[in-house]
Amino acid sequence: MSARPFGFDTLQLHAGQTPDPTTGAQAVPIYQTASFVFKDFASAEAIAAVEDFGFEYSRVGNPTNDVLERRIAALEGGTGALALGSGSAATAYAILNITHAGEEVVAAKTLYGGSFSLFANTLPRHGVRTTLVDSANPENFAAAITERTRAIFVETIGNPDINIVDFEAVARVAEQNGIPLIIDNTFATPYLFRPFDYGANVVVHSATKYIGGHGTSIGGLIVDGGNFDWSNGKFPDFTTPDPAYGGFIHWDKWRDVPGAGNIVFVMKARLHYLRDLGACLSPFNAFLLLQGLETLSLRLEREVASTQRIAEHLASHAEVEWVSYPGLADNPSHALARKYLPRGPGAILSFGIRGGLERAKKFIESLELFSFLANVGDSRSLVVHPATITHSQLTKEEQILAGVRPEQIRLSIGTENIDDLLWDLDQAFSRSAG
Ligand SMILES: *Cc1c(COP(=O)(O)O)cnc(C)c1O
């Protein structure tokens, strides 16, 4: 390929794929196979020793998944990526890749419910302590860091509070402390925000959401920014001989791979955590996620425009107490949204309905087009009640900490006609009244 820097709409269709050499198939073939026949003994040994990037066994690598990995790396502006069986696996592996028992992570407190639980409960049981901070002030991250902190973790658009962090300020805090900034970019996608352009070092995705875009498959991705110095002394696993691989040193082996660059983070995650813990993505799901990814920008353009309209409609509605969407001028994240997400702050909003929890339940049951379910990023519009569903595993205190309120309803806006969506909301307000 020539050196032309192709645009996003072009890359989402073409990046990472060369037509199948055997058949010329234009669509990415589904390589539905557990393992791959070795050419001969020498190449088998080279692949086993990771001297060659050839495929061996689909837990660790597969050609369909490989296209998805290359495509998301191109769209994010990263050096490489790792496809996984879920977004939760992507977050967990990204943290495990750089922490040991006795070390710490500092994270924003407004997180996806599953990530909140990972940080609040599961990681501490394995000795990794997490401090959850109010991300509105970047100083809070700095104040929570100790000499044992190994990462800062935030979401591009917080959940369910729909808040935005000052990424450059937080990236500076991470850099000053010699630790990576990991950003969960699920809600924004690289179409709306590219974290590496603002100093992030690792990106994780739940591909289940906007990347797949059709609510068909669970999948996750880790993307390597290739821009972090893992040899700074805080990450000895990267710079000392790895007994699991004949004593090679990850930092030496992957920091300048021809055609890719520094892919140290994702290679180590692949060779330790995907190989040993095994949350691999099925090639069939990789195919469905690729199919969705081809139209990512088209869907989001429509969805973001509709979300802005709906946010404005709700903000002036008598039955609504408050609306949280950074596209509204009075939102606390409005200025940050304009700076970092000029194409719009996503297609998810939350609002408080007058009448509290009971009214919220009636309202949700009265909707006809919006599907009541626990997901976001589908082409169909979705509704959920965070306090009783997505964030229900949090204690009352944790819910308050994470910004989850009883009257709160979260909407994920799809590609339906905007007039139909506004109609559905209005008829549900009427039917749930009184
Ligand atoms: C859904 C989601 C996850 C978890 O991803 P799964 O694919 O459901 O495992 C993580 N982060 C965010 C922001 C999400 O929305």
Side-chain angles (χ1 to χ4, degrees), residues 65 68 72 76 81-96 105 107-123 130 132 135 151 153-165 182-193 195 200 202-223 273-274 277-282 285-286 288-289 292-293 296 300 303 324 341 345-350 373-378 382-384 386 389-394 402-404 410-414:
N65 300 24
L68 176 63
I72 194 69
E76 285 283 9
L82 179 63
L84 294 163
S86 69
S88 303
T91 304
Y93 287 10
I95 299 295
L96 292 175
V105 176
K109 68 191 171 88
T110 42
L111 293 177
Y112 172 71
S115 303
F116 191 99
S117 183
L118 172 76
F119 287 122
N121 304 309
T122 304
L123 286 171
T130 322
L132 297 169
S135 59
F153 183 93
V154 303
E155 292 176 357
T156 307
I157 301 173
N159 186 349
D161 214 27
I162 328 293
N163 57 305
I164 291 169
V165 177
I182 304 176
I183 295 190
D184 180 335
N185 201 28
T186 300
F187 275 29
T189 85
Y191 178 63
L192 299 179
F193 181 65
V202 174
V203 162
V204 298
H205 277 284
S206 169
T208 314
K209 315 293 168 50
Y210 290 99
I211 289 173
H214 297 78
T216 60
S217 323
I218 305 287
L221 292 154
I222 301 177
V223 191
Y273 295 97
L274 182 54
L277 304 187
C280 58
L281 178 67
S282 119
N285 283 0
L288 290 171
L289 297 173
L293 191 49
L296 177 66
L300 268 168
E303 290 166 355
S324 189
L341 295 105
I348 296 165
L349 62 80
S350 72
L373 51 72
N375 195 12
V376 293
D378 197 318
L382 315 174
V383 62
V384 82
I389 319 266
T390 57
H391 289 68
S392 63
Q393 73 276 40
L394 277 57
V404 182
R410 190 186 73 192
L411 303 178
S412 170
I413 305 304

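First listed ligand is number 1; within each ligand, the first listed atom is number 1.
The only member of T130, L132, I182, L118 that meets side chain to side chain contact (heavy atoms under 4.5 Å, CB included) when paired with F153 is I182.
Counting protein heavy atoms only, atom 6 (P) of ligand 1 is closest to G87 N, 3.4 Å. Nearest protein heavy-atom contact of atom 11 (N) of ligand 1 is D184 OD2, 2.7 Å.
Between G215 and D378 the shortest heavy-atom distance is CA-OD2, 3.6 Å. Contact detail for L221 and A90: the closest heavy-atom pair is O-CB, 3.5 Å. Considering every non-hydrogen atom in both Y210 and F187, the closest pair reads CE1-O, 3.8 Å. A188 approaches L300 most closely through the heavy-atom pair O-CD1, 4.0 Å.
Distances below 4.0 Å separate heavy atoms of T186 from the following atoms of ligand 1: 12 (C), 13 (C), 15 (O). The K209 neighbourhood of ligand 1 comprises atoms 1 (C), 2 (C), 3 (C), 14 (C), 15 (O), with distances under 4.0 Å to a heavy atom of that residue.
We find the OG-CD1 distance between S206 and I218 to be 7.0 Å, quoted to the nearest 0.5 Å.
Of the polar atoms of T208, at least one N or O is found under 3.5 Å from an N or O of ligand 1, judged by distance alone. Checked by distance only, ligand 1 and N159 stay at 3.5 Å or farther apart across all their nitrogen or oxygen atoms.
G219 counts as a contact of ligand 1, since one of its heavy atoms falls under 4.0 Å from the ligand.
Comparing Y210, F116, Y112, F187 against atom 10 (C) of ligand 1, the shortest heavy-atom distance belongs to Y112.
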